[in-house]
Amino acid sequence: MLPVLFPLIMVVGGIAGMAGVPLPGIEIGIALSILALGLAIAFAWRPAEWVALALIAFFALCHGHAHGVELPRAADPADYAIGFVLATGMIHLFGIGVGLGLNKPVGGRFARMLGALICVGGVYFLVLALLAV
Amino acid sequence: MAALGLFGIAAMALLAGKSPLARWILTETLAPQRVLPLIGLGAACALAGTQAFAAALLLFGVGILGGFVAQDWLLWMLYGLPQAPTHLFMTGPISYLAVGLALVPGARLRPWLLPVAALVAGAMLALVTKLTDPSLHEPVYTWMPVLVAFWIVAAVALTLRAFRRGWFPIFGRILGSWLLAIGLLYGGASLLPRREPPAPPAMPLPGAPQSVPGADRTNPGLPAPAQPGPFPGGTDRFRQP
């Protein structure tokens with residue numbers, strides 16, 4: 001359900017961003033998504049499905065809104081929409097591939113280490129976002 | 001079949017410099033926004049049973065034929081959508097949404113939704129073919145895009161059916177969600193009124209009086225500027241007596 005729902009909820013955020021609907025703290029939400037997902041990988045956290053859906057929905061709204069706001073006014077909507085969704089989808093596929101590939105060797109410890117690194121990146125972005133407020 | 005089509009595309013790429021038709025097919029018929037719903041339709045056909053696959057191909061053809069025959073009526077129906085005439089009457093978003101809806105729900109509903117999606121996608125293909133036809137009357141500009149579309153759908157469907165894997169249904173649903181998202185975003189971006197950029201800050205015109213502080217003052221030590229002659233660029237010295 002998660003890979004199916006993420007682009008759809010992201011589009012809701014994207015259209016809200018394009019329509020100029022203000023959502024405060026978007027950059028903080030994006031930084032929190034990096035931090036939370038990095039923590040989830042690092043601690044091999046497997047939440048209940050509704051918790052994962054709620055978290056992913058919130059993060060998808062933040063990411064989609066940021067894309068929608070940044071939509072260049074002169075851009076071709078078709079190319080923009082295709083690039084936006086396909087790039088996100090390709091990143092998902094890449095992540096799934098990396099996760100599957102790194103899950104077996106060294107008992108998944110390498111993948112968890114990468115999660116910790118993502119977590120550090122999340123902290124960095126969160127500090128930047130908080131400083132910019 | 002897929003390889004033959006790819007050879008055909010390669011030949012068109014070689015001919016693109018000489019033939020307007022080959023160039024038009026490469027830039028319009030094979031444009032990513034036109035190809036993606038056809039790939040999705042092919043994937044949905046591959047995931048459906050043989051009967052639904054056959055029905056979908058048949059209704060895709062019926063949709064194309066109906067789109068050509070009832071073109072004016074369809075355009076009149078779509079004209080009511082906001083900003084439709086400037087966005088090819090929303091044929092792109094409608095195709096994406098129809099095919100995406102056929103892929104997302106799963107195996108139980110797909111056999112019922114797929115033929116409807118094929119019919120809608122076919123009609124939209126016919127409309128966009130007519131709307132982007134640069135010749136306005138040449139039959140080859142009508143049947144070539146139809147042939148290419150049938151090739152894309154059939155090549156994707158038959159290739160996926162030949163190499164079927166257990167994870168294909170999951171990937172089909174993910175692909176469907178992507179197509180739905182593209183359709184919603186594409187449609188939303190087209191329907192929403194374009195925001196006007198903020199007005200640029202007021203700048204004084206160059207040469208306007210007092211545009212630069214002190215620009216009107218001259219150095220009394222310099223010779224007075226020469227008066228311009230009849231020849232541009234100060235070429236008076238070449239004037240014949």
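Just so it is clear, the model here is predicted, and its values are computed rather than measured. By convention in this document, chain letters (A, B, ...) are assigned in the order of the sequence lines, proteins followed by strands, and residues within each chain are numbered from 1.
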Any side-chain heavy atom of [X] sitting closer than 4.5 Å to one from [Y]?
X	Y	result
A/V85	B/Y186	no
B/L185	A/M18	yes
B/V104	A/L8	no

Side chain / backbone / both / neither for A/L93 at chain B, heavy atoms under 4.5 Å: side chain

Contacting moiety of A/F6, where chain B heavy atoms sit under 4.5 Å: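 Nothing of A/F6, per the 4.5 Å heavy-atom cut-off to chain B.
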
Taking every non-hydrogen atom, the tightest pair across B/W178 and A/L86: CE3-CD2, 3.8 Å

Closest contact, heavy atoms only, B/A181 versus A/P7: CB-O, 3.8 Å

Proximal component of B/L175, with respect to chain A [non-hydrogen, under 4.5 Å]: neither

Partner chain B: residue of A/V12, A/L5, A/V4 with the largest heavy-atom pair count (under 4.5 Å): A/V4

Heavy-atom neighbours of B/F68 CZ exceed 12 at 6.0 Å: yes

Within 6.0 angstrom of B/R164 CZ, more than 12 heavy atoms from elsewhere: yes

Value rounded to 0.5 Å, distance of OH in B/Y96 from CD1 in A/I82: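 Separation between the atoms: 3.5 Å.
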
Nearest-0.5 Å distance, CD1 of residue A/I96 to CD1 of residue B/I174: 5.5 Å

